[in-house]
Amino acid sequence: MSDLRVRFAPSPTGYLHIGGARTALFNYLLARQQDGTFVLRIEDTDVERSTQESVDAILQAMDWLGLACDEGPFYQSDRFDVYRRKIQQLIDEGKAYRCYCTPEELEAKREAAMKEGRKPKYDGTCRNRSDQPDAPSVVRFKLPHDREETTFVDRIKGPITFRHDELDDLIIQRTDGTPTYNFVVVVDDAEMNINLVIRGDDHVNNTPRQILLYEALGYPVPEFAHVPMILGSDKKRLSKRHGATSVMAYQEMGYLPESMVNYLVRLGWSYGDEEIFSMADLIEKFSLENVGRAAGVFNPEKLLWLNSHYIKTGDLDRLAGLLQPFLEKKGIDVANGPDLKAVVKTLQERSATLVEMADGAVFYFGETVDYDEKAKTKFLKNDQRELFEILLAQLEACESFDEASLETAFAGVMESTGLKFGKIAQPLRVALTGGTASPSIYQVLEVLGKETSLGRIKRALEVLA
RNA sequence: GUCCCUAUCGUCUAGCCUGGCCCAGGACACCGCCCUUUCACGGCGGCGACGGGGGUUCGAAUCCCCCUGGGGACGCCA
């Protein structure tokens with residue numbers, strides 16, 4: 001085991017979204033690759049907005065993607081006493097102080113600053129006061145001014161420098177006594193010995209003050225790697241109006257987890273011209289050095305393409321198992337039909353999602369099919385009566401319904417009717433499947449089986465008009 | 001507004017560090033052709049980009065500067 005320790009630290013205020021999943025994935029890949037440790041920490045210091053349902057949803061999504069953690073999940077809500085001690089320590093050392101300014105006062109100052117074109121910062125009103133009014137207070141970190149700027153070398157973006165006069169005294173404890181994000185993230189990452197923090201780009205601005213906090217607390221400063229954001233097609237931050245952003249929504253839409261993993265990793269990372277990566281490939285090949293520095297646009301079409309690839313090449317047994325719930329959701333009793341593996345085999349080349357596959361599979365189940373109206377009027381006409389009767393006789397005589405004997409039977413039909421294959425196949429397809437698009441007619445016959453196939457042809461004979 | 005990040009086809013990207021092999025390669029999408037019993041798959045081909053301006057250099061997508069565009073942050077959210 002190497003000493004690399006990384007973590008994923010979602011806040012449980014909703015489902016796991018695309019962006020979070022990618023961050024989690026990058027952490028996971030590096031941990032596995034370097035035989036390090038992947039820690040999962042639930043950032044629920046905002047007691048108001050955090051829910052157990054969200055925690056469960058996040059855990060479920062990570063499980064679906066195959067991102068198992070090595071330690072955790074740890075909950076920050078279990079650790080409030082640790083934070084309280086550390087805050088007291090800072091106060092005792094004169095590195096933090098109580099501030100009695102009200103939210104209203106602060107808001108007014110912010111607005112005024114913005115209006116004057118200044119960066120809205122806390123003005124330090126309470127920084128040096130010695131009285132202790134009997135009023136609600138927050139605790140602020142006293143930003144050290146012993147140097148003018150802080151620089152860190154981001155593993156993805158390179159060196160980044162912030163001048164300290166851009167920073168202000170941030171609140172580390174709220175009026176209600178709970179600690180804030182920028183404080184707990186430092187304490188926890190330090191206490192959990194995290195030495196590489198991989199997180200979203202939106203945190204670079206927090207990094208310098210966090211570094212100052214590490215120093216004030218006497219902790220070693222970890223390395224940072226800030227991964228770019230994911231945008232929607234309009235280059236705005238990805239949100240629900242761009243479509244589904246929840247990882248699990250894609251499972252419901254019939255996506256395979258490996259498609260999502262493959263897509264997510266290629267969004268902002270590349271390995272030459274390669275497009276297809278298994279988790280094992282990624283563990284071997286992933287590197288922060290090849291992660292791009294600019295934000296990327298989420299492209300559902302490419303995800304769909306990857307999904308069709310993985311369905312096309314997927315294991316039949318597994319796909320059958322994954323497909324079953326989608327069929328059941330449509331009210332289909334899979335026991336009343338052919339072997340699911342055989343069904344999948346006929347459909348995997350023509351389905352981009354499991355939902356599509358389920359749609360395409362319904363005709364295999366049940367005694368009869370519902371005819372598509374247009375298909376029926378076009379192909380189930382009275383002048384096809386003779387064709388169907390010959391078809392019926394030839395297929396009846398067909399001992400086994402394998403491709404070879406079916407071909408023989410069709411040759412017979414073509415000979416006695418003088419029709420081309422297409423003229424036979426299309427009406428038969430409608431009789432068998434109810435529609436004009438399906439797997440190859442031989443496959444359909446074979447999978448449906450002799451009894452069902454003949455039954456459906458007989459029924460077609462009854463409805464000819 | 002201020003600060004930070006960023007910039008190759010519509011999108012994801014290779015190339016950039018170590019200038020010439022790049023009148024820029026791959027993938028998705030799109031278009032056409034082929035294959036074909038339908039729908040698909042597949043094969044072949046096409047469309048399509050170095051944001052702009054200055055430098056440096058014999059030579060720049062590659063190095064430097066400015067501009068512009070895009071994103072992010074500026075919370076008693078994380």
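Each chain gets a letter, A, B and so on, in the order the sequences are listed, and its residues count up from 1.
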Is it the case that A:E191 and A:Y219 place a side-chain donor and acceptor less than 3.5 Å from each other?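 Side-chain D/A pair, A:E191 to A:Y219: present.
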Between A:D154 and A:H226, does any side-chain donor sit less than 3.5 Å from a side-chain acceptor?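 Checked: A:D154/A:H226 side chains pair up, N/O donor to acceptor below 3.5 Å.
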Between A:T45 and A:D202, who's closer to the 5' end of RNA chain B by nearest nucleotide?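 Its nearest nucleotide lies further toward 5', so the answer is A:D202.
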Between [N] and [M], how many Å separate the two [atom1] atoms, rounded to a whole number?
{"N": "B:rG42", "M": "B:rC35", "atom1": "C1'", "value": "8 Å"}
{"N": "B:rG45", "M": "B:rC9", "atom1": "P", "value": "24 Å"}
{"N": "B:rC22", "M": "B:rC16", "atom1": "P", "value": "13 Å"}
{"N": "B:rA24", "M": "B:rC33", "atom1": "P", "value": "27 Å"}
{"N": "B:rC67", "M": "B:rU2", "atom1": "P", "value": "12 Å"}
{"N": "B:rC17", "M": "B:rC63", "atom1": "P", "value": "5 Å"}
{"N": "B:rG46", "M": "B:rG26", "atom1": "P", "value": "10 Å"}
{"N": "B:rU38", "M": "B:rA49", "atom1": "C1'", "value": "39 Å"}

Using a 3.5 Å cut-off and no angle test, enumerate the donor-acceptor pairs between side-chain atoms of residues 9-21 of chain A and protein atoms at least two apart in sequence or in another chain.
unit_1 : atom_1 : unit_2 : atom_2 : d
A:Y15  : OH     : A:T245 : OG1    : 2.9
A:H17  : ND1    : A:G19  : N      : 3.3
A:H17  : ND1    : A:G20  : N      : 3.3

Under the side chain to side chain donor-acceptor pair (under 3.5 Å) criterion, do A:T151 and A:T161 qualify, and how do the steps go? CA-CA 4 Å; A:T151 296; A:T161 300; 2.7 Å; yes
Which part of the nucleic acid, if any, lies within contact of [X], taking any heavy atom under 4.0 Å across all strands shown: a base, the sugar-phosphate backbone alone, or nothing?
{"X": "A:C99", "value": "nothing"}
{"X": "A:H203", "value": "base"}
{"X": "A:K115", "value": "nothing"}

Check ring pair (Phe, Tyr, Trp, His ring centres under 6.0 Å) between A:Y255 and all other residues, then give those that pass, not counting sequence neighbours.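 By the ring pair (Phe, Tyr, Trp, His ring centres under 6.0 Å) rule, A:Y255 matches A:Y250.
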What residues form a ring pair (Phe, Tyr, Trp, His ring centres under 6.0 Å) with A:F410, not counting sequence neighbours?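 Only A:F421, A:Y442 meet the ring pair (Phe, Tyr, Trp, His ring centres under 6.0 Å) criterion with A:F410.
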If I compare all heavy atoms of A:P439 with all of A:V444, which pair ends up nearest, and what's the gap?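 Closest approach of A:P439 to A:V444: O-CG2, 3.6 Å.
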Between the base of B:rC76 and the side chain of A:T175, is one N or O donor paired with an acceptor at under 3.5 angstrom?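 Check passes, donor-acceptor contact within cut-off.
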Tell me, which pairs form a ring pair (Phe, Tyr, Trp, His ring centres under 6.0 Å) where one or both residues lie in residues 289-312 of chain A, sequence neighbours left out?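 Listed by first then second residue: A:Y263-A:F298.
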For the pair made of [atom1] in [X] and [atom2] in [N], what is the distance, rounded to whole Å?
{"X": "A:I172", "N": "B:rA78", "atom1": "CD1", "atom2": "P", "answer": "13 Å"}
{"X": "A:D165", "N": "B:rC74", "atom1": "CG", "atom2": "C1'", "answer": "14 Å"}
{"X": "A:Q210", "N": "B:rC74", "atom1": "CD", "atom2": "C1'", "answer": "15 Å"}
{"X": "A:L303", "N": "B:rA29", "atom1": "CG", "atom2": "C1'", "answer": "14 Å"}
{"X": "A:Y181", "N": "B:rC74", "atom1": "OH", "atom2": "P", "answer": "11 Å"}
{"X": "A:D188", "N": "B:rA78", "atom1": "CG", "atom2": "C1'", "answer": "13 Å"}
{"X": "A:D154", "N": "B:rG72", "atom1": "CG", "atom2": "P", "answer": "18 Å"}
{"X": "A:R209", "N": "B:rC76", "atom1": "CZ", "atom2": "C1'", "answer": "13 Å"}

Paired nucleotide for [N] [Watson-Crick or G-U wobble; both distances under 3.5 Å]:
{"N": "B:rC74", "value": "B:rG1"}
{"N": "B:rG45", "value": "B:rC31"}
{"N": "B:rA61", "value": "none"}
{"N": "B:rC16", "value": "none"}
{"N": "B:rA7", "value": "B:rU68"}
{"N": "B:rU56", "value": "none"}
{"N": "B:rU36", "value": "none"}

Please list, chain by chain and in numerical order, all residues satisfying side-chain contact (heavy atoms from CB on, under 4.5 Å) with [X], sequence neighbours excluded.
{"X": "A:R163", "result": "A:E148, A:E149, A:D165, A:E166"}
{"X": "A:S137", "result": "A:R98, A:Y100"}
{"X": "A:D168", "result": "A:K121, A:Y122, A:R209"}

Pick one for B:rC47: is it syn, with its angle within 90° of 0, or anti?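 For B:rC47, whose glycosidic angle is more than 90° from 0, the conformation is anti.
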Taking only the side-chain nitrogens and oxygens of A:R237, find out if one of them lies under 4.0 Å from OP1 or OP2 of B:rA73.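 Affirmative; the distance criterion is met.
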Under 4.0 Å: is that the gap between some side-chain N or O of A:K121 and OP1 or OP2 of B:rC74?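 So the side-chain polar atoms of A:K121 never come under 4.0 Å of the phosphate oxygens OP1 or OP2 of B:rC74.
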Can you run down the side chain to side chain donor-acceptor pair (under 3.5 Å) pairs that involve residues 412-428 of chain A, sequence neighbours left out, and say none if there aren't any?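 Counting only pairs at least two positions apart or across chains, the side chain to side chain donor-acceptor pair (under 3.5 Å) contacts touching residues 412-428 of chain A are A:Q426-A:R429.
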Can you list, by residue number, the residues of residues 405-420 of chain A that have a non-hydrogen atom closer than 4.0 angstrom to RNA chain B?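 Listed by number, there are none.
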Donor-acceptor contacts, no H, no angles, side chain residues 354-364 of chain A, under 3.5 Å, sequence neighbours left out:
unit_1 : atom_1 : unit_2 : atom_2 : d
A:E356 : OE1    : A:A352 : N      : 3.2
A:D359 : OD1    : A:K330 : NZ     : 2.4
A:Y364 : OH     : A:T346 : OG1    : 2.8

Per-nucleotide protein contact string for nucleotides 36-41 of chain B, where B marks a base within reach and S marks sugar-phosphate only (heavy atoms under 4.0 Å, - for neither): -BBBBS
Scoring nucleotides 2-14 of chain B by protein non-hydrogen atoms under 4.0 Å (B base, S sugar-phosphate only, - none) yields BSSSSS---BBSS
Does the distance from a Lys or Arg side-chain N to an Asp or Glu carboxylate O, for A:R318 and A:E258, drop under 4.0 Å?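 Looking at A:E258 together with A:R318, the answer is yes, because their closest N to O distance falls below 4.0 Å.
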